[in-house]
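Sequential numbering from 1 along the given sequence is applied to the chain's residues.
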Amino acid sequence: KVKNKKTKRVVDLSVMASSYHSIMIGSLGLFLAAPVRVLVVGLGGGSLPIYIHSKFPMSNTHVVEIDPAIVRVAQDQFSFVPDDRLTVSETCGLQFVRNTQDLFDVVMLDVDRKDISSGVSCPPPTFLDTEYLAALSGRLSKGGMFVLNLVCRDSVLRTEIVAKLTKLWNCVMSYKLEEEVNEILFCTNNEKLKTGEFNQTINQAFKLVNDHVKKVTKVKDDLIDLEDSMKLLKVNH
């Protein structure tokens, strides 16, 4: 009898476990016509970058994770397997953005904070510093998009955060998930979103992602509920 034998989880790559991750992935619909460079700050179990890597073969995804233990767990238990299109830096997401010279079409920030005593439990406040957000904006390619997973229970703080974002990006849209604490913010200076048809453009991007994923996976269900997105997407300025 073998004791302490590790069992590796078999991850179903056709399913996106977190609904808020599905909404974040919707941003890729603006960039499906060409190879897309994605930066994911915060690894967690790895499901977000794994899904992008497996379902979007024209993507190149770089993950930044400060904790080597989290990277090991993602590799050992959740099928996170780096290769030439999926790379990882074990470093601070703040330092990486400030130091890198690379440009990305989409930057996804999905970092929890350990201290949840304040009104914002995701991301840590240093990731919302004006100076850091400006540095992050400088790492976006022309027309690129910053996608933020925000968990904020303080309406005054949220207003302050959105004000910071609107100083850097001319389009800031939010998607507040029903019955969840997560709110996804899409921030961009993309020319496609200067016409005022913000909701229609993002919804079209979501539809393109749905069509793409169904084609790749042969799964009939939509990744993103388009009816919900029509109701829940809001322009924040």
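- In this structure, Val38 and Leu28 have side chains that are in contact, with non-hydrogen atoms separated by less than 4.5 Å.
- Looking at residues two or more places apart in sequence or on another chain, you find no side chain to side chain contact (heavy atoms under 4.5 Å, CB included) involving Lys167.
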> Step by step, would you call Leu148 with Leu128 a side chain to side chain contact (heavy atoms under 4.5 Å, CB included)?
Replying inline: CA-CA 10 Å; Leu148 169 64; Leu128 297 171; 4.1 Å; yes
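- Closest heavy-atom contact between Val64 and Thr91: CG1-O, 3.3 Å.
- For CE of Met58, the number of neighbouring non-hydrogen atoms (other residues, nucleotides, ligands) closer than 6.0 Å is greater than 12.
- Among residue pairs with one or both ends in residues 31-54, none qualify as salt bridge (charged side-chain N to carboxylate O under 4.0 Å, His left out); sequence neighbours excluded.
- Placement of Tyr132 and Phe104 within a single hydrophobic cluster is found when ILVMFWY residues are connected by side-chain heavy-atom separations under 4.5 Å, directly or transitively.
- For the side chain to side chain contact (heavy atoms under 4.5 Å, CB included) test, no residue two or more places apart in sequence or in another chain qualifies with Thr159.
- The shortest distance between side-chain heavy atoms of Phe56 and Val216 does not fall below 4.5 Å.
- Here the CG-CE distance, from Leu232 to Met173, works out to 11.0 Å after rounding to the nearest 0.5 Å.
- Taking CG of Leu177 as the reference point, atom CG of Asn149 lies at 9.0 Å (rounded to 0.5 Å).
- A pairwise comparison of heavy atoms in Val209 and Leu32 identifies N-CD1, 4.2 Å as the closest pair.
- Within the structure, side-chain hydrogen bond (donor to acceptor under 3.5 Å, both in side chains) pairs that include any residue of residues 60-71 comprise His62-Thr87, His62-Ser89 (at least two apart or interchain).
- Cluster membership for Ile25 and Leu226, using ILVMFWY side-chain heavy atoms within less than 4.5 angstrom, is shared.
- Every residue was checked against the side-chain hydrogen bond (donor to acceptor under 3.5 Å, both in side chains) condition with Asp225, not counting sequence neighbours, and none meets it.
- Looking at Cys171 and Val235, their side chains never come closer than 4.5 Å, going by heavy atoms from C-beta outward.
- In this structure, Val106 and Ser27 approach most closely via the heavy-atom pair CG1-OG, 3.7 Å.
- Pairs engaging residues 83-111 under the salt bridge (charged side-chain N to carboxylate O under 4.0 Å, His left out) rule: Arg98-Glu131 [sequence neighbours left out].
- Qualifying salt bridge (charged side-chain N to carboxylate O under 4.0 Å, His left out) partners for Arg139, counting only residues two or more places apart in sequence or in other chains: none.
- In this structure, the side chains of Leu185 and Val147 stay at 4.5 Å or more apart for every pair of heavy atoms.
- Atom CD1 in Ile23 sits 10.5 Å away from atom CG in Asn182 (nearest 0.5 Å).
- Under the 4.5 Å side-chain criterion, counting only non-hydrogen atoms from C-beta, Phe78 is not in contact with Ser47.
- Checked for salt-bridge contact, Asp211 and Lys207 meet the test: a charged N lies under 4.0 Å from a carboxylate O.
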> Could you go step by step and tell me if Phe206 and Leu223 meet the side chain to side chain contact (heavy atoms under 4.5 Å, CB included) rule?
Replying inline: CA-CA 9 Å; Phe206 286 0; Leu223 179 69; over 6 Å; no
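- Across all non-hydrogen atoms, the minimal contact from Cys122 to Asp112 is SG-OD1, 3.5 Å.
- Across all their heavy atoms, Ala74 and Gly45 have their closest contact at CB-O, 3.7 Å.
- With Asn190 contributing its side chain and Met145 its backbone, the two residues share no donor-acceptor pair below 3.5 Å.
- Cluster annotation: Met230 is not connected to Ile202 through the hydrophobic network of ILVMFWY side chains, with a link wherever side-chain heavy atoms come within less than 4.5 Å.
- With sequence neighbours left out, the side chain to side chain contact (heavy atoms under 4.5 Å, CB included) criterion links Ala205 to Leu30.
- How far CD1 of Ile50 is from NZ of Lys55: 10.0 Å, rounded to the nearest 0.5 Å.
- Distance OG/Ser22 to CD1/Ile224: 6.5 Å, rounded to 0.5 Å.
- The side-chain heavy atoms of Ser18 and Met24, taken from C-beta on, include no pair separated by under 4.5 Å.
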> How far apart are the C-alpha atoms of Leu86 and Val63, what are their side-chain angles, what is the distance that settles it, and do they pass the side chain to side chain contact (heavy atoms under 4.5 Å, CB included) test?
Replying inline: CA-CA 8 Å; Leu86 178 61; Val63 181; 4.2 Å; yes
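- Within the 4.5 Å cutoff, no side-chain heavy atoms of Ile66 are placed close to those of Val111.
- Without hydrogens or angle criteria, Thr100 side chain to Phe96 main chain gives no donor-acceptor distance under 3.5 Å.
- Separation of atoms OG1 (Thr201) and CD (Glu191) is listed at 12.0 Å; rounding is to 0.5 Å.
- The minimum heavy-atom distance between Val120 and Cys152, with the atom names listed, is CG2-SG, 3.6 Å.
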> How far apart are the C-alpha atoms of Asp154 and Glu160, what are their side-chain angles, what is the distance that settles it, and do they pass the side chain to side chain contact (heavy atoms under 4.5 Å, CB included) test?
Replying inline: CA-CA 10 Å; Asp154 184 320; Glu160 291 174 1; over 6 Å; no
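- There is no path of hydrophobic side-chain contacts, each under 4.5 Å, that joins Val151 to Leu165.
- A donor-acceptor pair under 3.5 Å links the side-chain atoms of Asn189 to the main chain of Leu168, judged by distance alone.
- In this structure, Lys164 has no salt bridge (charged side-chain N to carboxylate O under 4.0 Å, His left out) partners at least two apart in sequence or on a different chain.
- Qualifying salt bridge (charged side-chain N to carboxylate O under 4.0 Å, His left out) partners for Lys214, counting only residues two or more places apart in sequence or in other chains: Asp222.
- With sequence neighbours excluded, the residues satisfying side chain to side chain contact (heavy atoms under 4.5 Å, CB included) with Pro82 are Gln75, Phe80, Val88.
- The shortest distance between side-chain heavy atoms of Phe198 and Leu233 does not fall below 4.5 Å.
- When the salt bridge (charged side-chain N to carboxylate O under 4.0 Å, His left out) test is applied to Lys231, the partners found at least two apart in sequence or on another chain are Asp228.
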